[in-house]
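Some notes on the structure that comes next.
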Amino acid sequence: MAKEYNFKAVEKKWQDYWYNEKVFEKYDYSKPKFYGLIEFPYPSGAGLHVGHIRAFSSMEVIARKKRLEGYNVLFPIGYDAFGLPTENYAMQTKQHPRLVTDKNIVKFEEQLKKIGYSFCWDRTIDTTQPDYYKWTQWVFLQMFKKGLAYKSTTQVNFCPVCKVVLANEESQGGICDRCGAEVVQKEKDVWFLRIRKYADRLLSGLEGLQFPERIKIEQQNWIGKSTGADVTFEVKVGDGKYPLVVYTTRPDTIYGATFLVVSPEHPLLKEHFDVVENKEEVTAYQEQAKLKKEFDRVQMNKDKTGIKIEGMVAINPITGAEIPLFTADYVMMNYGTGAIMAVPAHDKRDWDFAKKFNLPIVEVIKSDVDVQVEPYCAKEGAGIMVNSPLVNGLTVKPAIKKMIEEMEKLGVGHAKTDYKMKDWAFNRQRYWGEPIPIINCPHCGQVPMKEEDLPLVLPDLEDFSPTDDASSPLSKCTEWVNTTCPICGAPATRETDTMPQWAGSSWYFLRYMSPNDNEHIVTPEAYKYWGQVDWYNGGMEHVTRHLIYSRFWNQFLKDIGAITHDEPYLRRSTQGLILGSDGEKMSKSKGNVVNPDDVVNAYGADVLRLFILFIGDYEKPAPWSSDGIKGSARFMNRFWNLQDMLVDECDTSDLNLDALIKKVNDDYEACKFNTAIAFVMTALNTIYARGKVSKKELNTICLLLNPVVPHMTSEMYEIVNDGAKINEQKFPVYDPAKLIADVVEIPVQIMGKVRGRVTVPAGSQEDAVMEKVKELGLLDGKQIIKVIYVKDKIINIVAK
RNA sequence: GCCGAAGUGGUGGAAUGGCAGACGCGGCGGACUCAAAAUCCGCUGUUGGCAACAACGUGCGGGUUCAAGUCCCGCCUUCGGCACCA
């Protein structure tokens, strides 16, 4: 009988070996490389979550497998540690965020090691360390020098509770991402990064990447490229004229433009307010629009509101017709030009507005729909142009082309591309972030710090609580704020905003290649070897933020010659959420949170790892199940007890080892861990039924399972093979010639229903199979009309 | 509203157009045990039948095919993402 398995002792033994002997920190640069990356965790006080286990375990399996296959593997770990939760927690508990961060990182590392992860521990990074954020600041400086970082006054989303300006993506639905409070609009001078300049490259770069299609689509939608035209309408303002530029994707419909709408914030209303006849009404509407939270303004299907601007009238540049001008909050200042030509016949919003204000609706695309009753919204636009002398009879595409040509001839319009993606609001008015390395000089303006002066270290503040006036806590630290201008030497002040959460994670994949280099963002030789991330696993929630931001930074770094690849990640996979056993998202308030430590203590790390990978389709959400954990523990036990059935050799014709190797290998590579494990379970069932296992089978299964359950397989391999180390072996390889059995059982269908089965040698021809089928007697008295035979698979007979 | 993913037993979930329900959980039965737990073995979609077997079965309605969970057309529902984007 095999010795009883003491998971606590065995897991400790192997973890000590791996980590003390630095098994995963030995690099051999003569081997081919594999760079596997997981999204580094935010070291929160709550510690490791079972969601982390799922996210990390997939790449863990791949990394261990690649090592066994002879690759030089980079599988690093680090901590994305700047951010609000730590700062808020620090304030609550009256500790310094530095202290909180350090404590949390120690705890995370301890937990990760108890799971047995094979990370390259010698390369651990922490984005809050000055030697790391020196380079985050360095990238910002380069962007500033290239004109990609700029300050601009805009309406920003301000959370009155967190007292912080939020990026658009952090205040979706008008709700603060962090605290759930309602966001208000506030005017502020803030830093932006010109990510829009990279929009086209971020789109085209997707083509060659091995990303799941839905991720590509989500990024494409986020970037939101649209092609159309800027068209200039002349607006009569008193005796003068104001060229009002509108953006439209359908310049061909200009004959149907019966009115214009500008956003309440549009400069036209400021610059020529004197000619507005209904000043009070317009001002009241503007005030009201400002007060409205973004959320209300964005609600679709709500009643259209707006005000006619008396005293101004616009001229349609194609028809010469005079059309009225409105201001309405359904037109946004931050998209297009903040002004539109309304074509009510063919746009739902314009139609709603026209109905409410009794404006004419002119059909310009032929359809079965009566546009007076409902709009014919042809987004991509099927239909023939009518009532449009210049383009009558044309279909949409040629009509747009023709119309733009005409507009260019007349000098009233030109083709234009626009994007939904906004420039990246790159600032935070909080303490726990990277300081922005810019100095404001009364004589020289915004001056970048000298590179040799980096890092600009975050001062050690005692009071880092946010200020109510939306400025950063750093502004309170005058000795830090006051400095001298690097150019003229005059007294000057530092920027006091810090960088947003996403800054440090935008380039961390490069730091892992040379984590201690103080001269380069990445050591050229290291970059030359490791290059791009071969496989990056992470969550769907980062697809439109982190994953785009880091692609942007990578492309920028290539442009300035710091690196050579356009794209950072070659392949991306995503894990589904682990839900509570009630099928709901895990949360403290629901009391359905599973702590991985508890599972490790009760069942061991191997059982947790096995279960989390077996739980279901890797990409889909899956509910936790404590019964399922027991099943995994049972399987581990069955696996351990294989030792009792061990013989040097036995009849193994009932188990096709090559097919097993192929299945497990292919499924690992495709992130189908659940079916790989299921197949091994089936093999174990076969062996149990037989009662004997050959040494070759046992060793093969040990190696196949080693990436998933490294502790037990290491132990068992050592016992069975006189002290040999499994991590020094080769991952099994199958022989393609042996994948198919000698004889195959073929189901026999009559009229598509299985009526029997025959056993024939593999590769048999139809005649030979039919011979056997006839012996079954299923066809007696029937007339065969047609036979469909798929070799080694199935035979179907159509008969009367 | 738009984009995406999905809907299969009591349950988590498997199925390059080729035997639907692999594998796991749960349940039932048996072996071992004084007994229980653990372990091992068997059964487990529904209906009818003692049984062999038959009919029906992958959200709903049509279709293509020798053959459809899978492909096509039209719906319903759920979950994600985007959202007055001109």
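As the structure is a prediction and not an experimental result, all values here were calculated from the model.
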Quiz prompt | Rounded distance (Å) that lies between atom C1' of B:C84 and atom NZ of A:Lys304 | solution = 5 Å
Exercise. Report the distance from atom NE2 of A:His542 to atom C1' of B:G81, rounded to the nearest whole Å.
Key: 15 Å
Quiz item: With rounding to whole Å, what would you report as the distance between B:U11 and B:G62 at their P atoms?
Solution: 26 Å
Practice problem: With the side chain of A:Arg755 defined as its heavy atoms from C-beta on, choose the nearest nucleotide among B:C25, B:A86, B:A55. | Solution: B:A55
Quiz item: Taking the side chain of A:Tyr688 as its heavy atoms from C-beta onward, which of B:G18, B:A86, B:C41 lies nearest to it?
Solution: B:C41
Practice problem: Would you kindly give the CG-to-P distance between A:Leu206 and B:C3, to the nearest whole Å? | Solution: 19 Å
Quiz item: Going through the checks in order, is the salt bridge (charged side-chain N to carboxylate O under 4.0 Å, His left out) test met by A:Glu619 and A:Arg214?
Solution: CA-CA 12 Å; A:Glu619 296 200 334; A:Arg214 66 200 163 108; 3.3 Å; yes
Exercise. Please measure how far the C1' atom in B:A86 lies from the corresponding atom in B:G4, and state the result in whole Å.
Key: 24 Å
Exercise. Classify the side chain of A:Lys630 and the base of B:C25 as holding, or not holding, a donor-acceptor pair under 3.5 Å.
Key: no
Quiz item: Relative to the 5' end of RNA chain B, which residue comes earlier, A:Met540 or A:Phe679, by the nucleotide with the nearest heavy atom?
Solution: A:Phe679
Quiz prompt | Between B:A14 and B:G7 - P atom distance, rounded Å | solution = 9 Å
Practice problem: Nearest 0.5 Å please: distance from the CG atom of A:Asn334 over to the CD atom of A:Glu265. | Solution: 8.5 Å
Quiz prompt | side chain to side chain donor-acceptor pair (under 3.5 Å), paired with A:Lys662, selected from A:Asp666, A:Asp658, A:Asn665 | solution = A:Asp666
Quiz item: Out of A:Asp230, A:Val231, A:Ile254, which residue meets the side-chain contact (heavy atoms from CB on, under 4.5 Å) rule with A:Val246?
Solution: A:Val231
Exercise. Please determine, by modelled atom types, if A:Glu39 and A:His546 share a side-chain donor-acceptor pair under 3.5 angstrom.
Key: no
Quiz item: Looking only at side-chain N and O atoms, does A:Asn685 come under 4.0 Å of OP1 or OP2 in B:A22?
Solution: no
Quiz item: Mind checking the P distance from B:C56 to B:C72? Whole angstroms is fine.
Solution: 26 Å
Exercise. Output the distance between atom CG (A:Asn674) and atom CG (A:Asp617), rounded to the nearest 0.5 Å.
Key: 6.5 Å
Quiz item: Want to settle it: does A:Ile677 or A:Glu218 sit nearer the 5' end of RNA chain B, counting the closest nucleotide to each?
Solution: A:Ile677
Practice problem: Please check if any side-chain donor atom of A:Asn537 sits under 3.5 Å from a side-chain acceptor atom of A:Ser573, or the reverse. | Solution: yes
Quiz item: Looking just at side-chain N and O atoms, do A:Tyr247 and A:Ser226 make a donor-acceptor pair shorter than 3.5 Å?
Solution: yes
Practice problem: Give the nucleotide from the list B:U39, B:C3, B:C84 with an atom nearest to the side chain of A:Arg634. | Solution: B:U39
Quiz item: In what stems does RNA chain B take part, counting only runs of at least 3 consecutive Watson-Crick or G-U pairs whose two distances fall under 3.5 Å?
Solution: B:1-7 with B:76-82, B:10-12 with B:23-25, B:26-31 with B:39-44, B:45-48 with B:53-56, B:59-63 with B:71-75
Self-check item: A:Lys793 atom NZ, over 12 foreign heavy atoms within 6.0 Å
Solution: no
Self-check item: Residues A:Tyr285 and A:Thr305: side-chain donor-acceptor under 3.5 angstrom
Solution: yes
Practice problem: Return the nearest nucleotide to the side chain of A:Thr248; candidates are B:C19, B:A86, B:C82. | Solution: B:A86
Quiz item: If you check the A:Thr249 side chain, which of B:A86, B:C25, B:C41 turns out closest?
Solution: B:A86
Quiz item: Is the shortest side-chain N/O distance from A:Tyr335 to OP1 or OP2 of B:A86 below 4.0 Å?
Solution: yes
Quiz item: A:Phe326 and A:Phe259: aromatic ring centres closer than 6.0 Å?
Solution: yes
Quiz item: Whole-Å distance between B:C84 C1' and A:Lys356 NZ?
Solution: 14 Å
Quiz item: Can you give one letter per nucleotide of nucleotides 4-17 of chain B, 5' to 3': B if a protein heavy atom sits under 4.0 Å from the base, S if only from the sugar-phosphate, - if neither?
Solution: S-S-----SSSSB-
Practice problem: Kindly label the base of B:G9 as syn or anti, based on whether its glycosidic torsion lies within 90° of 0. | Solution: syn
Exercise. Find the distance A:Asp347:CG to B:G1:P and express it as a whole number of Å.
Key: 16 Å
Exercise. Compare side-chain N and O positions of A:Arg638 against OP1 and OP2 of B:C41 and report whether any pair is under 4.0 Å apart.
Key: yes
Quiz item: Distance only, no hydrogens: is a donor on one side chain within 3.5 Å (strictly under) of an acceptor on the other, for A:Ser632 and A:Arg609?
Solution: no
Could you go over nucleotides 64-66 of chain B and give all protein N or O partners under 3.5 Å, atom names and distances?
residue	atom	partner	partner atom	Å
B:C66	O2'	A:Asn796	ND2	3.3
B:C66	O2	A:Asn796	ND2	2.5

Practice problem: Indicate, with a heavy-atom threshold strictly under 4.0 Å, whether A:Thr682 touches base, sugar-phosphate, or nothing. | Solution: sugar-phosphate
Practice problem: Would you classify A:Gly224 as touching base, sugar-phosphate or nothing, given that sugar-phosphate means primed atoms plus P, OP1 and OP2, and contacts are heavy atoms under 4.0 Å? | Solution: nothing
Quiz prompt | Nearest-Å distance once atom P is located in both B:A67 and B:A20 | solution = 14 Å
Quiz item: Looking only at atom C1', what distance separates B:A22 and B:G29, rounded to whole Å?
Solution: 23 Å
Quiz item: Between A:Arg690 and A:Asp654, does at least one N-O distance fall below 4.0 Å, as a salt bridge requires?
Solution: yes
